[in-house]
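For clarity, every value in this text was computed on a predicted model and none was experimentally measured. Per chain, numbering begins at 1; letters A, B, ... match sequence-line order. Reckoned from all heavy atoms, side chains included, excluding hydrogens, waters and symmetry mates.
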Amino acid sequence: MEKKTPKPQKPKYYVLEMFSYPSSSKLHMGHWYNYGLSDSFARFKKMKGFDVFQPMGFDAFGLPAENYAIKTGVHPADSTRDNIATMEVQLKAMNAMFDWDAEIKTCEPDYYKWTQWLFLKLYERGLAYQKEAPVNWCLSCKTVIANEQVKDGECERCGAGVEKKFMKQWFFRITDYAEELIDGLDKLDWPEKTKLMQKNWIGKSEGAEVSFASPAGDFKVFTTRADTLAGVTYVVLAPEHALTRRLTTPEHKNAVEDYIAQTARQDDVERLSAAKEKTGVFTGAYAVNPLTDEPVPVYIADYVLATYGTGAVMAVPAHDGRDYAFAKKYNLPIKQVILPVNVGGGDKGGDALPEKNGSPTPDLYEDDGVTANSGDFSGLRSAEARYKITAFLRERGRAEFRVNYRLRDWSVSRQRYWGSPIPIVYCPEHGAVPVPEKDLPVLLPYDVNFTPDGRSPLSRHDGYMNTTCPICGKAARRDPDTLDTFVCSSWYYLRYPFSKSADKPWDKRKAGKILPVDKYVGGAEHACMHLLYARFIARALRDAGWVDFDEPFTSLVHQGIILGPDGNRMSKSKGNTVSPDDYVNLYGADVLRLYLAFGFSYIEGGPWNDDGIRAVAKFAERVGRLMERAGGYQSTVHSPQSTVKDKAQSTVHSPQSTVKDKTECTIHNAQCAIADKDFPTPERETAAETELLYVYHNAVKSMAADFEVFSFNTAVARYMELVNALYKYDAGAGKDGGFLKEVCRSAVKLIAPLAPVLAQKWYGLLGKRKDVFRESYPEYDESRLKRAETEYAVQVNSKVRARVKLPSDADAKELERLALADGTVKGLLNGAAVKKAIVIPGRLINLII
RNA sequence: GCGGCCGUGGCGGAACGGCAGACGCGCCGGCCUUAGGAGCCGGUGCCAUCAAGGCGUGGGGGUUCAAGUCCCUUCGGCCGCACCA
């Protein structure tokens with residue numbers, strides 16, 4: 001090794017792909033698409049002079065391994081270990097530059113020790129707490145699942161029914177950060193769709209809490225439409241509401257009790273299907289509208305959710321569709337208090353009134369408008385009325401301005417074995433006591449019976465359960481539950497750079513040198529779970545002084561989905577799966593990667609096509625033939641790549657600074673021609689060389705820009721153009737073999753991120769032994785992207801009628817003059833006077849006659 | 001129902017409001033070959049074809065000198081939420 005002079009620090013770049021779940025032993029095409037192309041991006045960044053960190057690991061805890069164990073008897077620890085082993089082999093066959101020294105597996109004690117530590121940090125800050133709460137209980141998995149895991153009232157994983165059950169659970173207080181989690185979205189370089197999904201998931205509503213008096217005492221309702229308060233004709237409590245029974249009059253008791261029981265029996269499937277037809281019962285009681293002092297009947301109905309707002313709503317059937325449907329069914333009065341208005345039209349008028357004719361519900365108007373029938377508050381715009389009515393009631397102690405969020409706290413307890421133990425013990429005297437940090441990790445025992453019986457498997461393991469209280473030392477029991485695996489994945493990116501650190505989860509001081517993640521790549525399906533949890537945990541850790549950033553993932557990209565050849569999602573049952581291994585064996589890893597790059601728009605994905613990968617394999621061979629041929633030529637004397645560049649690397653200039661210097665040179669100082677020797681230069685420049693250099697520099701510029709935005713398909717397209725141009729040049733008379741070779745050497749660097757192994761081989765064919773990834777990514781010369789003449793489309797009255805070649809350096813006026821002087825154009829105009837000429841330099845000229 | 005995204009050749013897919021269809025597949029032709037499911041070169045949106053032309057980005061309307069791109073509307077597909085008051 002040569003002696004290295006100290007180099008200025010390269011800028012850091014943390015590229016992270018969502019780690020994989022080792023549920024099956026094989027990588028599928030989606031993994032390849034995600035990891036293979038993210039690796040190409042990472043390699044590009046490395047060649048661009050960044051100090052790239054790209055780790056890989058396994059999200060190893062979770063239900064599938066445990067379900068597999070229940071079915072087959074193979075212990076989750078064993079199947080997980082085996083699966084990881086095979087996946088590691090496959091991942092290595094990908095030839096990605098994963099930093100395997102940083103590898104983590106969340107099921108290893110040296111990882112989950114710190115997951116438990118994280119739990120304790122949240123506990124210390126009051127962000128982890130227990131409460132008896134209705135939870136989603138999967139009837140098949142026999143465990144609590146998160147709201148996010150309930151799909152259409154069914155368990156996302158197994159498809160079985162889900163019912164409500166009350167249990168004492170650990171929760172993370174993510175709702176404390178609801179506002180900040182919305183605000184933070186603005187500054188993130190994330191897909192807008194994902195940001196919007198998070199925003200909607202958090203579901204901020206600004207409104208008012210209004211008190212209604214009743215015989216059983218006051219109760220509050222939450223509303224975003226205080227402007228409609230005068231139109232309240234009844235109120236509705238959730239059946240579970242605390243006041244329900246106290247309000248109910250004796251003659252309605254039976255009906256109410258029946259309804260409560262019926263609601264409790266419903267699981268979410270029934271409640272959803274029941275949503276089509278609203279039901280409810282009258283309690284016999286009347287409450288008082290605080291604005292109008294009118295009595296309004298109190299109903300209970302399951303369309304009111306106990307878990308949102310106050311569990312009670314004021315019903316305004318004239319201006320709310322749900323209330324309207326309920327009122328129609330139970331014959332309740334409908335009172336109009338908002339009149340349609342030309343919103344936004346101002347006093348000058350403008351937009352038409354909303355059309356009501358033909359509507360099946362002419363007495364329902366849900367938009368904002370102008371208040372009416374509202375006493376002193378009539379004749380106001382909705383927004384103003386909302387404020388004034390709330391403020392008025394607030395002075396009388398009957399209302400408060402209030403913001404509500406749809407987001408609920410994160411339930412993290414799971415009645416499952418294969419997860420991180422919860423570091424809490426229950427002492428008869430001291431209650432729930434956190435395990436001291438020095439006693440971590442609480443080890444997950446191996447010898448358990450994980451057959452489900454509705455209780456946590458760990459609860460049957462006496463050796464595990466029986467412990468002592470950290471405070472008094474007396475006998476105590478451990479928490480039998482384990483943590484949601486989303487807890488494991490909420491902080492893993494922090495651990496990678498410090499995976500070997502035994503005494504702390506990460507080094508706070510060093511963390512700033514690599515964290516946060518600069519580019520995060522993974523599926524869009526995690527928008528409201530993993531990605532939200534990780535943002536929350538980062539903020540909680542920030543407030544605890546453990547990290548100094550808010551956002552874990554500065555920039556995010558979702559890859560699309562590779563479909564089966566039939567255009568459907570790949571699935572074993574459909575028999576339309578394609579295995580990456582088969583294609584790696586057939587064509588090699590680079591060809592598979594190149595095809596995934598070229599055949600799809602990265603964020604869209606699309607159907608797999610065997611013809612497509614065959615074509616890419618042929619293309620790779622075509623490039624190989626070119627490199628082989630070019631390698632046979634003698635290099636030119638001033639072989640620029642090898643001399644200047646290598647020298648540059650050994651000097652104090654980092655790749656960054658050379659790049660910058662050069663750019664400045666070309667802009668400010670034409671004398672800086674030395675730096676330009678980086679570019680391939682022919683001995684004597686003929687038109688053929690000029691043309692080749694144009695294509696080359698265009699490819700350099702476009703490909704670099706394409707890599708930055710994960711537009712791999714267009715990057716490959718530009719590369720194909722370059723290869724075609726090289727073939728053309730090689731076939732031409734009077735070619736300069738040495739020059740061709742130099743262009744090819746640079747061309748190898750251009751494609752290297754997408755074909756790392758082939759590129760190295762090609763580099764060898766061109767007489768270069770150096771690791772191509774220690775080279776800089778080529779730069780382009782802007783001056784080479786200009787040709788002497790540019791072809792202009794000449795339009796007459798916006799229709800293209802002719803194409804003329806005009807000097808590239810002419811300004812708009814000159815272009816117009818030259819175009820009008822052109823013979824063909826003159827013929828087109830046939831003497832007609834040009835009223836107006838629109839000249840777009842470099843593009844077209846539009847003559848209006 | 002609400003919110004978002006997307007509809008472009010036979011196919012995968014390109015297009016800062018500025019020549020639609022880059023690049024590739026497929027197809028047609030040429031060269032080279034004993035041969036070619038190899039390679040190299042050329043052609044290829046549709047209609048018309050001797051040519052000049054005309055028509056084209058799901059449908060309809062609009063803004064603009066100029067619209068795949070912006071606005072309205074409608075149809076179709078995908079994704080998310082789903083009684084959130």
Record whether the side chain of A:Asp611 comes under 3.5 Å of the base of B:rC25 through a donor-acceptor pair of N or O atoms.
no

Please verify the inter-ring angle class for A:Phe212 with A:Phe219; under 30° counts as parallel, over 60° as perpendicular, anything in between as tilted.
parallel

Reading 5' to 3' through nucleotides 46-57 of chain B, protein heavy-atom contacts under 4.0 Å coded B for base, S for sugar-phosphate only, - for none:
--------SS--

Where does the angle between the aromatic ring planes of A:Phe710 and A:Phe712 fall among parallel (under 30°), tilted (30 to 60°) and perpendicular (over 60°)?
perpendicular

Do the rings of A:His526 and A:Phe486 sit parallel, tilted or perpendicular, given the 30° and 60° boundaries?
perpendicular

Considering only B:rC25, B:rA82, B:rA85, which nucleotide approaches the side chain of A:Trp201 most closely?
B:rA82

Contacts under 3.5 Å, N or O only, protein and nucleotides 35-42 of chain B:
unit_1	atom_1	unit_2	atom_2	d
B:rA38	OP1	A:Lys618	NZ	3.0
B:rG39	O3'	A:Arg625	NH2	3.1
B:rC40	OP1	A:Arg622	NH1	2.8
B:rC40	OP1	A:Arg625	NH2	3.1
B:rC41	OP2	A:Arg622	NH1	3.4

Checking A:Thr714 against A:Asp706: is there a side-chain donor and acceptor pair closer than 3.5 Å?
yes

Nearest-nucleotide wise, let me know which of A:Gly842 and A:Ala615 is further upstream toward the 5' end of RNA chain B.
A:Gly842

With a 4.0 Å cut-off on heavy atoms, is A:Glu791 in touch with a base, just the backbone sugar-phosphate, or nothing at all?
base

Sugar-phosphate means primed atoms, P, OP1 and OP2; the rest is base. With that split, encode nucleotides 8-16 of chain B 5' to 3' as B, S or - using protein heavy atoms under 4.0 Å.
----BSS-B

Could you check which nucleotide pairs with B:rC40 in any of the strands shown, counting Watson-Crick or G-U wobble with both distances under 3.5 Å?
B:rG30

